[in-house]
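Worksheet: the structure to be examined is printed underneath.
For ligands, and for the atoms within them, numbers begin at 1 and follow the listed sequence.
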Amino acid sequence: MARKIILDVDTGIDDSLALLYLLASPEAELLGIAATAGNVPTAQVAANTLALLDLARAGSVEVAAGAHGPLVVPLRTTEDTHGPQGLGYAELPASPRPLSDRSAARMWVELARAHPGSAIGLCTGPLTNLALALRMEPELPLLLDRLVVMGGAFNHPGNTTPTNEWNIHVDPEAAKEVFDAFSAAPPDRRPLVCALDITESIEMRPEHLVRLAEVAHSAPLERVAAGDAVDWRSAAGNPVVRYLVDAVRFYFDFHDGYDLGYLAHMHDPFAAAVALDPALARTRPATVDVELTGTLTRATTVADWAGMWGREPNADIVVGTDPAVFFERLVTRVGALARRLYPEPPS
Ligand code: BDR
Ligand code: CA
């Protein structure tokens, strides 16, 4: 079944894998991509996203730039997590593709109105653009088929402060506006929330990259490892594989530096996979709100699982999945895309 997607990203290493996953999935129809400030500033997010569309030899896909920063607080970016340009050790040529002449928020509204009831919103960055779109069109929760959000941490520690997940931390006011507005969504179309509780179980490891390179028929096969020289770069014959090795190796190094092991949490591609196939996820309804005033806990997402606030659930939180099923899809789909785009020359 075709899945129309409005993607909102802060590209970002794992956002880039989410984008490649969507481009590799025959059922996904990308209606447009909103660039939001987060991992890196908006202009860099947009540049990265356009460059990735070139790498993936994608047809024309609208990319619209969003606000330069969060609704209320100053922008914080995280180049230490995603690399100086947001793509780890990878460097892609600047794209000649133009940016859309409408704002990201306007694109959200106009695409949702043009596809009433059938577009899936997929947010893998801070929720600034979506909050601005909701101010323009409060009916968005009823116009979208579904919203899928990577964000939050519930019964799980944060990755930015002891209780904050990054995307919510960057723009907590926007996150609150979104969860409040989506209280209007009917129960069968409540936002699907992929929080750290689940996305930190989605551990990519070097062997996944090796298998992806095998599927792509890329040579030489490279197994990256902790302690590889910082200035080492992939020599993979396939440009998509080369990009992935250089981008994800930075993410492995980052996680390793925090004693999490030589692995990388693939938050955003998991959310993309759930957007295309919600059956990948087991969910539990809850009422989600965002703390805006706590001195230690500002930007914490709180889930009322038991109806203690007396408010209807406004989210379905993902509480279970089989990471192996997800990685099998990621490796086979993106590997096959890489092979199709850049077939080996006949020997
Ligand atoms: C989220 O933060 C970002 O750095 C990642 O791209 C992901 O969307 C995980 O907390
Ligand atoms: Ca992201």
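Residue Thr124 places a heavy atom under 4.0 Å from ligand 1.
For the Ca ion (ligand 2), the set of nearby N, O or S atoms under 3.0 Å includes none belonging to Thr11. Counting backbone and side-chain atoms alike, Asp14 contributes no N/O/S atom closer than 3.0 Å to the Ca ion (ligand 2).
Under 4.0 Å from ligand 1, the heavy atoms of Asn159 that appear belong solely to its side chain. Contacts of Thr81 with ligand 1, taken as heavy-atom pairs under 4.0 Å, are absent altogether. When non-hydrogen atoms are compared, ligand 1 lies under 4.0 Å from the side chain of His82 (C-beta onward) but not from its backbone.
Taking all heavy atoms of Thr11, Asn164, Asn39 into account, the minimum distance to atom 4 (O) of ligand 1 is reached by Asn39.
At the shortest separation from atom 8 (O) of ligand 1 among protein heavy atoms lies Asp268 OD1, 2.7 Å. The protein atom (non-hydrogen) at minimum distance from atom 2 (O) of ligand 1 is Trp166 CD1, 3.2 Å. In this structure, the protein non-hydrogen atom closest to atom 10 (O) of ligand 1 is Glu165 OE2, 2.4 Å.
Each of Asp10, Ile168, Leu71 was scored for a side chain to side chain contact (heavy atoms under 4.5 Å, CB included) with Pro126, with one residue passing: Asp10. Considering Val274, Leu192, Ile198 as possible partners of Thr283, the one that fulfils the side chain to side chain contact (heavy atoms under 4.5 Å, CB included) test is Leu192.
Side-chain contact between Glu200 and His267: present, with at least one pair of heavy atoms (C-beta onward) separated by less than 4.5 Å.
In this structure, O of Thr124 and OD1 of Asp10 enclose an angle of 90° at the Ca ion (ligand 2), rounded to 10°.
Looking at ligand 1, you won't find any N or O of His267 less than 3.5 Å from one of its N or O atoms. Between Asp14 and ligand 1, at least one pair of N/O atoms sits closer than 3.5 Å.
Among the heteroatoms counted here (N, O or S) of Asp268, OD2 is the one nearest to the Ca ion (ligand 2).
For Glu79, the CD atom sits in a packed shell: over 12 heavy atoms of surrounding residues, nucleotides or ligands are nearer than 6.0 Å.
In this structure, Asp54 pairs ionically with Arg97, as a charged nitrogen and a carboxylate oxygen lie closer than 4.0 Å.
In this pair, Tyr251 and His255 present their aromatic rings perpendicular. The plane angle is above 60°, beyond the 30 to 60° band. By the 30° and 60° cut-offs, the orientation of the rings of Phe327 relative to His208 is parallel. The aromatic rings of Phe270 and Phe326 sit perpendicular, their planes meeting at an angle over 60°, well past the 30° parallel limit.
Minimum heavy-atom separation, Leu263 to His265: CD1-NE2, 3.9 Å.
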